[in-house]
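Take a look at the structure set out below.
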Amino acid sequence: MTATDTPASLPAPSAPDATRRSPWGEVLHSLSRSGTFLTGLFILLFWVVCALFGQHFVPYDPLESDIINSLTPPAADHWFGTDQLGRDVFSRVIVGSRDILTVAPLATILATIAGTALGLVIGYFRGIVDDIVSRVLEAFMAIPVVIIALLAIVALGTSKITVIVVIGLSFAPIIARTVRSAVLAERELDYVAAAKLRHEGALHTMFVEILPNVIPPILVETTVRLGYAIFAVATLSFMGFGIQPPSPDWGLSISSNYGMIGGGFWWTVLFDALAIASLVIGVNLVADGVHGAFND
Amino acid sequence: MVFLGGQVLPGNVGRAILGPFADQRAVDALNHSLGVDRPLLVQYGTWIWNFLHGDMGTSYIFRAPVAPFVIDALGNSMKLALVAFVLVVPIGILGGVIAALNLNRPLDRIISLGGLSVTVLPEFVTGIILILIFGVWLRWLPIAAAWPKGAGFFTQLYYLILPSLPLFLVLFGYIARMARSGMIEALDSDYTRTAVLKGLPWRTVIWRHVLRNALLPTITVIATQTGYLIGGLVVIETLFRYQGIGSLIFTAARGKDFPMLEAGILTIGIVYAVATLVADFLYSVLNPRIRLGAEQ
């Protein structure tokens, strides 16, 4: 469970390419011509590369402190300056992409799997199951993620796994709702009726017949959720409930340094803030591009 | 149409939230359970009332009754949220309306893209960047939201501008987007065409026909954003060291001060319910179709 898991979750649009070449080929084609998507992808890939290989090319060890040179402003030998322990901010920003790019995608994958399964079940069976589950899901969706996470983490203690589970489960209802509405449209179609006439089991009909046809909305929702997951992980880390020291994580760095910005030490927080901003915007551009490609 | 309006309203959702929310928290506190399927808000309100008047518990940390802390904090948070709302509702709606009237022209793109980009950024990131710009570099605004004791209205307002800006930015995107799509739909409708063809001046058409219909869904969105706003307050109040309900919950969670935590979260539940109720009410006042439906 390291950063190497990360890229696998991202270029999902190409995965089922072999089976249904023409519609998926069309989507890929429109993605490759979408400026929004390509810009977002470029930013995202930049940070993925930093997460994977950053530690090999940064000039300093991001965790090594050098108290004598603490809080030096940006200069030739420390491009982004140093923090209060004399650690090189540039190296920390580059390597700081690692934890957030592990935790956020894993949370998103968990949300997608749980949400898809739930959405398929309530969309397929409808009736009382749907009514009850939908109300409960709506209730969960209205509680801010930060509050859910705060409570869960107070109860369970802080760890990466907790963060992944909390964010994953609080995003699952949103994906379930999307899948449900897609399934509601699909289940009236002839191929579902045909499957029922063949006496296929409910599970077979849901996962083998319907699921492949509702992949596009799931993919769109997943990329959108990835943006929110990064948002949530960064926020939780900033609050001290997410990624824990001594990781050079961005949110964490900001939370340990922002107390000093009144003293004018802007470089200790600005670059981390810009890094989070660029990653979040990058993922949202990708999500926008994917949405556009499937809805044209 | 009446039925559709009822579906869109977040009213029953809001009621549903209180159920599980109170369940988890309240069972510990009062050993009193409240099901999701007890939708009577009045009943729930009475129960809350008793809770408020009875024993709210004693803080583990401060060794004092919780209630004064919560009430103080709530007042402070209300001030902050109010400043953000008063700024964002007119400006957000105006932004959306301007974007819709300039559909697909550069102005629309700037508002839509800009709104979207700031909406997806975590509050503490925009907060940090705004602190750096206005508090550290320009030195226009104070970086902590702690005004001197006994400060007047305008001094308080002055201290609240910077903390309310990140909330403003996030909400601006949502509100402007809703207002924009509502406007586009209304501009495209038959009644607008009829009004134009009957020779009414463009200004009258916009004011009397388009705006009234376009802004209805926006009101619902503003109400649902209260839930988000509470999550945002937790982050913003921590960042600006502001003694509000968010930082109260945050501190209580960190210190495992359960009575304080429960009281804080219950208070949030009440605020959410009230906001939803007010939105329902406003919606029915503004939408004669629902009013008529209720009377029949």
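Keep in mind it's a predicted model, so treat the numbers as computed, not measured. Computed from heavy atoms alone, side chains included, the values below leave out hydrogens, waters and symmetry copies. By convention in this document, chain letters (A, B, ...) are assigned in the order of the sequence lines, proteins followed by strands, and residues within each chain are numbered from 1.
In this structure, no portion of S247(B) lies under 4.5 Å from any heavy atom of chain A. Both the backbone and the side chain of I249(B) have a heavy atom closer than 4.5 Å to some heavy atom of chain A. Using a 4.5 Å cut-off between heavy atoms, L239(B) touches chain A through backbone and side chain atoms alike. With a 4.5 angstrom heavy-atom cutoff, F124(B) touches chain A only via side-chain atoms. Of the atoms belonging to L121(B), heavy atoms from both backbone and side chain fall under 4.5 Å from chain A. When heavy atoms are compared at a cutoff of 4.5 Å, I254(A) approaches chain B solely by way of its side chain, counted from C-beta outward.
Between the side chain of T36(A) and the backbone N or O of D288(A) there is no donor-acceptor pair closer than 3.5 Å.
When only modelled atom types and interatomic distance are considered, T235(A) and E123(B) share no side-chain donor-acceptor pair under 3.5 Å. One side chain, D130(A) or S134(A), offers a donor N or O that lies under 3.5 Å from an acceptor on the other.
Looking at D131(A) and R126(A), no side-chain N of the basic residue comes within less than 4.0 Å of a carboxylate O on the acidic one, giving no salt bridge.
Ring pair W47(A)/W250(A) is perpendicular by interplanar angle, where above 60° counts as perpendicular and below 30° as parallel.
A 4.5 Å side-chain heavy-atom check between V283(A) and L44(A) finds at least one atom pair inside the cut-off.
Listed options I131(B), V120(B), V235(B) were ranked by heavy-atom pairs under 4.5 angstrom with chain A; first place goes to V120(B).
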